[in-house]
Amino acid sequence: MIHVPDRPVGTLTDAWRACVGTGRFNLALRKDYQDSLALVQSEIGFHHIRGHGLLGDDVGVHRPYEVSGERRLLHSFTYVDQVVDAYLALGIKPFLELGFMPSALASGDRTVFWWQGNITPPADHDEWADLVRGVVGHLVGRYGIEEVRTWPIEVWNEPNLAQFWSGDQDAYHRLYEASAHAVKEVDADLQVGGPSLSPGSDEWWAPFAEFVTARDVPVDFVSRHAYTTGPAQHVPFGTYQTLRAPSSLLEQFDAPRRHLEGTALAGLPVHITEFNSSYRPDNPVHDTAYNAAYLAPVLAAGGDLVDSFAYWTFSDTFEEVGIPTGIFHGGFGMLTHGQIKKPTYHLYAFMARMGSHLLARGADHLITRDDAGRITVLGWQPVGGTEDGPEPERHTLRLSVPVDAATAFVMRSSVNETEGNAWAAWREMGRPRFPTSRQLDALREAAEPVRRHTSVAVDGCRMNLELTLGRHEVTLVEIDPVRDESPPWVDDVRILGR
């Protein structure tokens, strides 16, 4: 039995929902994307959103043209404004990523992804800096400097990987320097940072810190990514991978602070601008209840280590390896196309209903209280990585919870391998790639958590709570003190008039 203190031991920060990832910038113009984001914002409420492709050709910002044999430049913001307007209308701010390279400014033709983002350094760093100033200056002019100062600006994406940057580390430093100075020329209080490193890139930290310090280049935050899967085992339109234990994600979250200790960058805000179990957008683990249970301890503890950690991504509207070939295809999203909720979506929605006063946290639970006195218990079955073997069919959590009332109303919402699990229902349907409208309705119903409620007597301002969790379960228990307002003439035994 775990004795939950009646006084807070800390604060549950909002780092877990400070940012969320998204498919490339252009996709935000689509209705299905905006419908998905509206649902996510109504039930979870992320603060910022980050994705690739702001400067890609399909957004059309960098527009060179020729007049009388002279090359000139136009910066066009037709799509930028539509996307940012939509974001702000849904209560979410951009976390801007400067990339990829417009083809007319690129020094080469190397690209990444199905949609061909150019990954080469600029042919002209002055023109690149002018582009950055143009974009940031336009955003300040349209949305106001006080607003845009709250939008972090990250320089590039995973430059330590050849898939994302054809230059070397020195070339990235030069790009970062040009970009950071261009941002600060618009306004000195705008936030700029990087280097947006992938896992396995710790050797980049010291040279980056040395470079920006020696050349007095501004850095307001540092960023990196975190994933725990091994090499891809490809099958047609899919990928399987081994996984390390979820504690590996927390170790990766802590890496920037460890590696920057003693440098001029020590103590800066740390943003994990992408994280998930797998780095592949076609790995079926993303669709499962296992993924939710795997990430639960990360959401519970990540805010102790970093200022934000962005789940990659909120929606399956995503096309890095091509257009998805079916409704469940292992996409990163918390939601499928058509807004079918995955178990990981519910993990986030459960977190959004918790209070900020931290009462207890352990290997299988997070317990909070809100300002109104409501107790919330997030419980999960602890899961490991590939080498840890299968989990048992049941997991039991026993708690003694403080409740300031004689009676408590207890509402429990659960998702596991069989409950609140649209992927399981889809498999039982025969894995239809393009479900009919009737099948979609059934999947949406199957995706809803199973909910149970009861009234519990409280003895001495404490209530014993025993939770039996199914395989890969994540459960939310909400405990509200009961203030009985029943009038004296009520007699439920007489409902049938007997």
Side-chain angles (χ1 to χ4, degrees), residues 15-17 19-21 50 157-158 160-161 163-164 196-205 222-235 238-259 270-306 308-314 316 318 320-321 329-334 342-345 347-348 351 363-364 366 380-391 423 471-474:
W16 62 272
R17 64 173 168 191
C19 188
V20 71
R50 173 197 173 268
N157 175 75
E158 298 187 354
N160 60 296
L161 294 182
Q163 297 97 311
F164 293 106
S196 186
L197 300 179
S198 75
S201 55
D202 291 335
E203 70 282 359
W204 274 58
W205 288 113
V222 294
S223 60
R224 71 156 283 168
H225 299 164
Y227 295 96
T228 53
T229 38
Q233 306 164 27
H234 294 291
V235 296
T239 303
Y240 299 109
Q241 294 169 286
T242 58
L243 283 94
R244 299 187 294 279
S247 59
S248 173
L249 283 171
L250 295 174
E251 292 167 4
Q252 293 178 59
F253 285 12
D254 198 38
R257 295 197 192 277
R258 293 198 312 269
H259 290 284
V270 176
H271 297 299
I272 305 299
T273 50
E274 292 181 22
F275 91 97
N276 206 322
S277 50
S278 169
Y279 60 83
R280 290 287 309 185
D282 53 1
N283 187 328
V285 72
H286 296 133
D287 299 335
T288 65
Y290 172 92
N291 204 64
Y294 184 90
L295 295 180
V298 179
L299 267 65
D304 292 350
L305 303 173
V306 295
S308 75
F309 47 109
Y311 184 80
W312 190 254
T313 60
F314 83 89
D316 276 351
F318 194 89
E320 286 185 357
V321 297
H329 58 275
F332 288 123
M334 300 176 185
K342 302 182 188 181
T344 300
Y345 178 95
L347 168 63
Y348 272 84
M351 286 285 293
D364 57 1
L366 173 70
W380 58 88
Q381 181 190 50
V383 302
T386 302
E387 295 182 355
D388 296 304
E391 292 73 33
W423 183 70
R471 194 158 181 261
H472 300 157
E473 180 162 325
V474 177

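The basis for the numbers below is simple: all heavy atoms, side chains too, and nothing from hydrogens, waters or symmetry mates. This chain uses plain numbering: 1 for the first residue, then up along the sequence.
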- Trace of the side-chain contact (heavy atoms from CB on, under 4.5 Å) decision for T386 with Q241: CA-CA 9 Å; T386 302; Q241 294 169 286; over 6 Å; no

Y294 and T228: side chain to side chain donor-acceptor pair (under 3.5 Å), yes or no, with the steps?
CA-CA 11 Å; Y294 184 90; T228 53; 2.6 Å; yes

- request: Apply side-chain contact (heavy atoms from CB on, under 4.5 Å) to the pair W205 and V222, showing each step before the final yes or no.
  value: CA-CA 10 Å; W205 288 113; V222 294; 3.9 Å; yes

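Within the model, atoms CH2 of W380 and CG of L295 stand 11.5 Å from one another, a figure rounded to the nearest 0.5 Å. Rounded to the nearest 0.5 Å, atoms CG (L161) and OG (S201) are 7.5 Å apart. Interatomic distance, CD of Q233 versus CG of N283, reported as 9.0 Å (0.5 Å rounding). One finds the CZ atom of F275 at 5.0 Å from the CG atom of L299 (value rounded to the nearest 0.5 Å).
Using modelled atom types and a 3.5 Å distance limit, the side chains of T239 and D282 yield a donor-acceptor pair.
Side-chain contact between R257 and L305 is absent, with no heavy atoms from C-beta onward closer than 4.5 Å. The shortest distance between side-chain heavy atoms of Y279 and E274 does not fall below 4.5 Å. Taking the side chain as every heavy atom from C-beta outward, T288 and H472 never approach each other to under 4.5 Å. Proximity of V321 to R280: side-chain heavy atoms (C-beta onward) are separated by under 4.5 Å at one or more points. A heavy-atom distance below 4.5 Å is found between the side chains of I272 and R224. Proximity of N291 to K342: side-chain heavy atoms (C-beta onward) are nowhere separated by under 4.5 Å. You'll find the side chain of M351 reaches within 4.5 Å of the side chain of L366, heavy atoms only. Taking the side chain as every heavy atom from C-beta outward, N157 and H225 approach each other to under 4.5 Å.
Considering only residues two or more places apart in sequence or on other chains, S198 meets the side chain to side chain donor-acceptor pair (under 3.5 Å) condition with N160. With sequence neighbours excluded, the residues satisfying side chain to side chain donor-acceptor pair (under 3.5 Å) with R17 are D14.
In plain terms, the two heavy atoms of A15 and G303 that are nearest each other are CB-CA, 3.7 Å. In plain terms, the two heavy atoms of S277 and L243 that are nearest each other are CB-CD2, 3.6 Å. Scanning all heavy atoms of the two residues, the minimum distance from S278 to V285 falls at CB-CG1, 4.2 Å. T344 approaches A292 most closely through the heavy-atom pair OG1-N, 3.6 Å. Of all the heavy atoms in P256 and V270, the pair that sits closest is CG-CG1, 3.9 Å.
Within the 3.5 Å criterion, the main-chain N or O of G330 finds a donor-acceptor partner in the side chain of H286. A donor-acceptor distance shorter than 3.5 angstrom exists from the side chain of D316 to the backbone of G333, with no hydrogens or angles considered. Listed for the S223 side chain is a donor-acceptor partner under 3.5 Å among the backbone atoms of S196.
The salt bridge (Lys or Arg N to Asp or Glu O under 4.0 Å) analysis of residues 242-255, with sequence neighbours excluded, yields the pairs D254-R258.
Classified by interplanar angle (parallel below 30°, tilted 30° to 60°, perpendicular above 60°), the ring pair F309/F253 is tilted. The aromatic rings of Y348 and W16 lie tilted to each other, with the angle between the two planes from 30° to 60°.
The side chain to side chain donor-acceptor pair (under 3.5 Å) test with N276 is passed by exactly one of W312, Y227, Y311: Y311.
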